[in-house]
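Encoded as C-alpha coordinates, the structure appears first; notes follow it.
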Amino acid sequence: MILSNNKLPVKFYKRNVIIVAKELLGKIIAVNKKGKILSGRIVEVEAYDGSIDQAAHTYIGKTKRNEVMFESGGLLYVYFTYGMYYCSNVVTGKENERTAVLLRALEPIEGIDTMAFNRFGKIEISEKQKLNLTNGPGKLCMALGIDKSQNGISLIGDEIYILKNKKIPEEKIAVTTRIGISKSKELPWRFYIKENPYISRK
DNA sequence: ATCAAGATTACCT
DNA sequence: GGTAATCTTGATA
(Lines give C-alpha, C1' and ligand atoms only; values in the text may rest on other atoms or scores of the structure.)
Protein backbone atom coordinates (compact mmCIF):
# COMPACT_ATOMS: atom_id res chain seq x y z
CA MET A 1 0.00 0.00 0.00
CA ILE A 2 1.32 3.40 -1.02
CA LEU A 3 1.10 6.07 1.67
CA SER A 4 0.01 9.53 0.60
CA ASN A 5 1.68 11.38 3.48
CA ASN A 6 4.99 11.47 1.70
CA LYS A 7 4.25 13.89 -1.13
CA LEU A 8 6.87 16.01 -2.81
CA PRO A 9 6.47 19.59 -1.52
CA VAL A 10 5.56 22.51 -3.83
CA LYS A 11 9.13 23.72 -3.45
CA PHE A 12 10.35 20.67 -5.35
CA TYR A 13 8.47 21.77 -8.45
CA LYS A 14 9.33 25.47 -8.37
CA ARG A 15 12.84 24.91 -9.66
CA ASN A 16 14.52 24.70 -13.04
CA VAL A 17 12.71 22.33 -15.38
CA ILE A 18 15.79 20.26 -16.29
CA ILE A 19 16.62 19.61 -12.65
CA VAL A 20 13.03 18.71 -11.81
CA ALA A 21 12.79 16.45 -14.88
CA LYS A 22 15.81 14.40 -13.80
CA GLU A 23 14.73 14.28 -10.17
CA LEU A 24 11.24 13.10 -11.10
CA LEU A 25 12.81 9.88 -12.35
CA GLY A 26 12.20 7.14 -9.80
CA LYS A 27 9.39 9.03 -8.04
CA ILE A 28 5.92 7.50 -7.65
CA ILE A 29 2.88 9.11 -9.25
CA ALA A 30 -0.47 8.07 -7.81
CA VAL A 31 -4.03 8.69 -8.94
CA ASN A 32 -6.81 8.32 -6.39
CA LYS A 33 -10.10 7.53 -8.11
CA LYS A 34 -12.78 7.29 -5.41
CA GLY A 35 -10.40 5.53 -3.05
CA LYS A 36 -8.96 3.23 -5.71
CA ILE A 37 -5.24 3.92 -6.10
CA LEU A 38 -3.40 3.60 -9.38
CA SER A 39 0.32 4.21 -9.18
CA GLY A 40 3.58 3.84 -11.03
CA ARG A 41 7.23 4.74 -10.88
CA ILE A 42 8.30 7.48 -13.29
CA VAL A 43 10.96 6.04 -15.60
CA GLU A 44 10.98 8.43 -18.58
CA VAL A 45 10.39 12.18 -18.93
CA GLU A 46 11.04 15.14 -21.24
CA ALA A 47 11.60 18.80 -20.37
CA TYR A 48 9.85 21.67 -22.21
CA ASP A 49 10.80 25.34 -21.81
CA GLY A 50 8.72 27.94 -23.63
CA SER A 51 11.35 30.65 -23.29
CA ILE A 52 13.85 29.04 -25.67
CA ASP A 53 12.27 25.81 -26.90
CA GLN A 54 10.17 25.93 -30.06
CA ALA A 55 8.70 22.51 -29.34
CA ALA A 56 7.08 23.73 -26.11
CA HIS A 57 3.40 24.64 -26.33
CA THR A 58 4.18 27.86 -24.45
CA TYR A 59 6.74 29.12 -26.98
CA ILE A 60 3.97 31.04 -28.80
CA GLY A 61 2.75 32.80 -25.63
CA LYS A 62 -0.24 32.21 -23.44
CA THR A 63 -3.34 30.60 -24.96
CA LYS A 64 -6.38 28.94 -23.48
CA ARG A 65 -4.81 25.53 -24.01
CA ASN A 66 -1.42 26.19 -22.41
CA GLU A 67 -2.32 28.66 -19.62
CA VAL A 68 -1.65 26.09 -16.87
CA MET A 69 2.02 25.99 -17.89
CA PHE A 70 2.24 29.71 -17.04
CA GLU A 71 1.31 29.04 -13.42
CA SER A 72 4.00 28.30 -10.86
CA GLY A 73 5.23 24.73 -10.37
CA GLY A 74 3.25 21.92 -8.77
CA LEU A 75 0.26 21.66 -11.13
CA LEU A 76 -0.68 19.04 -13.70
CA TYR A 77 -0.93 20.20 -17.32
CA VAL A 78 -3.02 17.83 -19.44
CA TYR A 79 -3.50 18.32 -23.17
CA PHE A 80 -5.30 16.40 -25.88
CA THR A 81 -3.46 15.46 -29.06
CA TYR A 82 -3.81 13.62 -32.37
CA GLY A 83 -7.55 13.52 -31.90
CA MET A 84 -7.42 10.69 -29.36
CA TYR A 85 -4.74 10.87 -26.70
CA TYR A 86 -4.09 12.84 -23.55
CA CYS A 87 -0.60 13.68 -22.30
CA SER A 88 0.33 14.66 -18.74
CA ASN A 89 2.91 17.18 -17.69
CA VAL A 90 4.24 18.41 -14.38
CA VAL A 91 4.39 22.24 -14.36
CA THR A 92 7.70 23.55 -13.00
CA GLY A 93 9.42 26.80 -12.12
CA LYS A 94 8.06 30.15 -11.00
CA GLU A 95 4.96 31.87 -12.30
CA ASN A 96 5.25 32.76 -16.01
CA GLU A 97 8.31 30.57 -16.45
CA ARG A 98 6.22 28.41 -18.79
CA THR A 99 8.12 25.20 -18.23
CA ALA A 100 6.88 21.64 -17.71
CA VAL A 101 7.98 18.01 -17.65
CA LEU A 102 6.16 15.55 -19.93
CA LEU A 103 5.62 12.18 -18.27
CA ARG A 104 6.55 9.66 -20.95
CA ALA A 105 6.62 6.29 -19.20
CA LEU A 106 5.88 4.59 -15.89
CA GLU A 107 6.61 1.26 -14.30
CA PRO A 108 3.17 0.18 -13.01
CA ILE A 109 2.97 -0.52 -9.28
CA GLU A 110 -0.53 -0.45 -7.82
CA GLY A 111 -3.89 -1.10 -9.50
CA ILE A 112 -2.44 -3.00 -12.43
CA ASP A 113 -5.73 -4.79 -13.05
CA THR A 114 -7.58 -1.48 -13.40
CA MET A 115 -4.87 -0.10 -15.64
CA ALA A 116 -5.13 -3.22 -17.79
CA PHE A 117 -8.87 -2.73 -18.06
CA ASN A 118 -8.43 0.94 -18.99
CA ARG A 119 -5.94 0.06 -21.70
CA PHE A 120 -7.10 -3.28 -23.08
CA GLY A 121 -10.62 -3.75 -21.74
CA LYS A 122 -9.63 -6.79 -19.69
CA ILE A 123 -7.95 -7.59 -16.39
CA GLU A 124 -5.93 -10.64 -17.38
CA ILE A 125 -2.90 -9.59 -19.39
CA SER A 126 0.34 -11.22 -20.52
CA GLU A 127 3.81 -10.17 -19.42
CA LYS A 128 4.27 -8.56 -22.80
CA GLN A 129 1.09 -6.53 -22.40
CA LYS A 130 2.19 -5.47 -18.94
CA LEU A 131 5.29 -3.90 -20.46
CA ASN A 132 3.00 -2.11 -22.91
CA LEU A 133 0.67 -0.70 -20.26
CA THR A 134 2.28 2.67 -19.50
CA ASN A 135 5.30 2.97 -21.82
CA GLY A 136 4.24 6.14 -23.62
CA PRO A 137 2.69 9.52 -22.73
CA GLY A 138 -0.71 8.69 -24.20
CA LYS A 139 -0.68 5.15 -22.84
CA LEU A 140 0.01 6.15 -19.26
CA CYS A 141 -2.84 8.67 -19.30
CA MET A 142 -5.21 6.01 -20.58
CA ALA A 143 -4.04 3.51 -17.97
CA LEU A 144 -4.34 5.99 -15.10
CA GLY A 145 -7.60 7.48 -16.37
CA ILE A 146 -6.19 10.99 -16.77
CA ASP A 147 -8.10 13.36 -19.05
CA LYS A 148 -8.87 17.04 -19.56
CA SER A 149 -10.88 17.21 -16.32
CA GLN A 150 -7.61 16.94 -14.39
CA ASN A 151 -5.93 19.78 -16.25
CA GLY A 152 -4.61 22.34 -13.75
CA ILE A 153 -5.08 20.32 -10.58
CA SER A 154 -2.52 20.55 -7.80
CA LEU A 155 -0.04 17.71 -7.36
CA ILE A 156 -0.10 18.37 -3.66
CA GLY A 157 -3.81 17.49 -3.53
CA ASP A 158 -5.53 14.18 -2.90
CA GLU A 159 -6.57 13.20 -6.42
CA ILE A 160 -3.17 13.08 -8.10
CA TYR A 161 0.14 13.37 -6.28
CA ILE A 162 3.78 12.39 -6.54
CA LEU A 163 5.62 10.72 -3.69
CA LYS A 164 9.17 11.18 -2.50
CA ASN A 165 11.58 8.43 -3.39
CA LYS A 166 15.32 8.13 -3.53
CA LYS A 167 17.11 10.06 -6.25
CA ILE A 168 18.34 8.17 -9.30
CA PRO A 169 22.13 8.66 -9.55
CA GLU A 170 23.38 10.59 -12.58
CA GLU A 171 25.16 7.55 -14.04
CA LYS A 172 21.90 5.65 -14.29
CA ILE A 173 20.13 8.41 -16.24
CA ALA A 174 20.18 8.27 -20.03
CA VAL A 175 20.04 11.63 -21.84
CA THR A 176 18.75 11.86 -25.43
CA THR A 177 16.87 14.17 -27.77
CA ARG A 178 13.10 14.25 -27.46
CA ILE A 179 10.60 12.10 -29.34
CA GLY A 180 7.89 13.15 -31.77
CA ILE A 181 8.79 16.81 -32.24
CA SER A 182 9.79 18.69 -35.41
CA LYS A 183 11.23 21.88 -33.91
CA SER A 184 14.12 22.29 -31.44
CA LYS A 185 14.94 18.62 -32.09
CA GLU A 186 18.56 19.02 -31.03
CA LEU A 187 17.91 19.82 -27.35
CA PRO A 188 19.02 16.85 -25.16
CA TRP A 189 16.04 17.05 -22.87
CA ARG A 190 14.72 13.49 -22.73
CA PHE A 191 15.73 11.56 -19.61
CA TYR A 192 15.11 7.96 -18.70
CA ILE A 193 16.34 5.31 -16.30
CA LYS A 194 18.91 3.14 -18.07
CA GLU A 195 18.06 -0.56 -18.47
CA ASN A 196 14.46 -0.03 -17.40
CA PRO A 197 12.10 -2.27 -19.41
CA TYR A 198 9.16 0.14 -19.16
CA ILE A 199 10.60 3.04 -21.20
CA SER A 200 8.81 3.96 -24.45
CA ARG A 201 11.87 3.28 -26.58
CA LYS A 202 15.65 3.21 -26.67
C1' DA B 1 -15.12 29.43 -42.21
C1' DT B 2 -11.37 26.84 -43.37
C1' DC B 3 -7.00 24.69 -42.83
C1' DA B 4 -2.67 22.36 -41.46
C1' DA B 5 -0.16 20.48 -37.77
C1' DG B 6 0.26 17.85 -33.94
C1' DA B 7 5.00 16.50 -27.07
C1' DT B 8 0.78 9.47 -30.31
C1' DT B 9 -0.46 4.85 -30.98
C1' DA B 10 -1.76 0.51 -33.24
C1' DC B 11 -1.33 -2.15 -36.92
C1' DC B 12 0.62 -3.28 -41.30
C1' DT B 13 4.55 -5.11 -44.56
C1' DG C 1 10.38 0.31 -42.01
C1' DG C 2 5.39 2.98 -43.09
C1' DT C 3 0.80 4.94 -42.30
C1' DA C 4 -4.16 5.52 -40.89
C1' DA C 5 -7.02 7.00 -37.19
C1' DT C 6 -9.17 11.13 -35.26
C1' DC C 7 -10.15 16.01 -33.70
C1' DT C 8 -8.48 20.07 -31.03
C1' DT C 9 -5.96 24.00 -31.49
C1' DG C 10 -4.18 28.22 -33.33
C1' DA C 11 -3.59 30.82 -37.49
C1' DT C 12 -5.36 33.03 -41.39
C1' DA C 13 -9.38 35.15 -43.91
Side-chain angles (χ1 to χ4, degrees), chain A residues 13 16-18 20-22 24-25 29 40 42-71 73 75-93 97-108 115-122 125-153 155 160 162 173-193 197-202:
Chain A
Y13 301 102
N16 174 269
V17 65
I18 307 292
V20 178
K22 288 187 182 178
L24 276 173
L25 292 174
I29 182 166
I42 298 169
V43 299
E44 177 182 342
V45 296
E46 285 175 359
Y48 287 86
D49 178 351
S51 65
I52 53 169
D53 167 16
Q54 294 185 66
H57 290 167
T58 43
Y59 186 74
I60 56 171
K62 193 188 280 190
T63 67
K64 193 160 194 175
R65 178 211 213 185
N66 68 26
E67 59 187 2
V68 173
M69 262 182 86
F70 282 77
E71 303 284 324
L75 303 182
L76 189 72
Y77 167 48
V78 182
Y79 66 88
F80 185 63
T81 192
Y82 290 103
M84 48 191 125
Y85 300 109
Y86 294 99
C87 293
S88 306
N89 302 257
V90 171
V91 178
T92 60
E97 208 167 304
R98 53 202 195 282
T99 55
V101 177
L102 172 69
L103 301 178
R104 285 200 55 93
L106 308 178
E107 178 176 334
M115 293 189 210
F117 189 81
N118 290 344
R119 286 269 296 130
F120 307 120
K122 57 182 183 181
I125 55 169
S126 64
E127 279 305 305
K128 201 173 173 181
Q129 287 178 120
K130 190 181 168 190
L131 289 169
N132 194 27
L133 217 42
T134 52
N135 61 340
K139 297 178 192 179
L140 72 88
C141 283
M142 200 185 304
L144 297 179
I146 294 173
D147 63 27
K148 206 92 212 265
S149 70
Q150 279 113 343
N151 185 36
I153 69 170
L155 292 169
I160 303 184
I162 304 179
I173 299 177
V175 181
T176 74
T177 54
R178 295 170 296 176
I179 293 176
I181 53 171
S182 57
K183 293 172 255 174
S184 300
K185 279 180 178 165
E186 69 289 348
L187 296 172
W189 286 358
R190 172 171 175 252
F191 309 102
Y192 64 86
I193 300 177
Y198 292 91
I199 61 170
S200 66
R201 60 162 118 156
K202 283 276 192 181

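So you know, we letter chains A, B, ... as the sequences are listed, proteins then strands, and number each from 1.
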* Looking at B/dA7, does its base get a donor-acceptor pair with the side chain of A/Y79 below 3.5 Å? ->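 Yes, the side chain and the base share a sub-3.5 Å donor-acceptor pair.
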Nearest of [options] to any side-chain atom of [X]?
X	options	result
A/I181	B/dA10, B/dG6, B/dA7	B/dA7
A/R119	C/dG10, B/dT9, B/dA7	B/dT9
A/Y82	B/dA10, B/dG6, C/dG10	B/dG6
A/R65	B/dT9, B/dT8, C/dT9	C/dT9
A/F80	B/dA7, B/dA10, C/dC7	C/dC7

Whole-Å gap separating [atom2] ([N]) and [atom1] ([X]):
X	N	atom1	atom2	value
A/K64	C/dT9	NZ	P	9 Å
A/I199	B/dT8	CD1	C1'	17 Å
A/L103	B/dA7	CG	C1'	12 Å
A/R201	B/dA7	CZ	C1'	12 Å
A/Y85	C/dT6	OH	P	10 Å
A/H57	C/dA11	NE2	P	12 Å
A/N66	B/dG6	CG	P	16 Å
A/M69	C/dT9	CE	P	16 Å

Counting just side-chain N and O atoms, does [X] come under 4.0 Å of either OP1 or OP2 of [N]?
X	N	result
A/K183	B/dA5	no
A/S182	B/dG6	yes
A/T63	C/dG10	yes
A/R104	B/dT8	yes

* More than 12 heavy atoms of other residues, nucleotides or ligands under 6.0 Å from CD of A/E127: is that the case? ->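 It does not: A/E127 CD has 12 such atoms or fewer within range.
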* Where are the stems of DNA chain B, defined as at least 3 consecutive Watson-Crick or wobble G-U pairs with both distances under 3.5 Å? ->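 If one scans DNA chain B for consecutive Watson-Crick or G-U pairs, the stems found are B:1-6 with C:7-12, B:8-12 with C:1-5.
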* To do: Under the ring-ring contact (aromatic ring centres under 6.0 Å, His included) rule, what do A/H57 and A/Y79 come out as? Steps first, then yes or no, please.
  => CA-CA 10 Å; A/H57 290 167; A/Y79 66 88; 4.5 Å; yes
* **Backbone N/O of A/S200 and side chain of A/N135: donor-acceptor pair under 3.5 Å** =>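 No, A/N135 side chain to A/S200 backbone: no donor-acceptor pair under 3.5 Å.
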* A/N66 side chain vs A/T63 backbone, donor-acceptor pair below 3.5 Å ->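 Yes.
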* Starting at the 5' end of DNA chain C and moving along, which residue's nearest nucleotide shows up first, A/M84 or A/K148? ->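 Checking each residue's closest nucleotide, the 5'-ward one belongs to A/M84.
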* Asked: Which of parallel (below 30°), tilted (30 to 60°) and perpendicular (above 60°) describes A/Y86 and A/F80?
  ->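 Tilted: the ring planes of A/Y86 and A/F80 meet at 30° to 60°.
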* Asked: Honestly, is A/R178 close enough over A/Y48, meaning NZ or CZ under 6.0 Å from the six-membered ring centre and within 45° of the axis?
  ->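 Cation-pi check for A/R178 and A/Y48: passes.
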* Could you give the distance separating B/dA5 and C/dT3 at their P atoms, to the nearest angstrom? =>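 Comparing P positions in C/dT3 and B/dA5 gives a spacing of 16 Å.
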* To do: Evaluate side-chain contact (heavy atoms from CB on, under 4.5 Å) for A/V20 paired with A/N16, printing each intermediate quantity in order.
  => CA-CA 6 Å; A/V20 178; A/N16 174 269; over 6 Å; no
* To do: Please name the pair of heavy atoms, one in A/R190 and one in A/K202, separated by the smallest distance, quoted to 0.1 Å.
  =>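 Where A/R190 meets A/K202 most closely, the heavy atoms are NH1-O, 3.9 Å.
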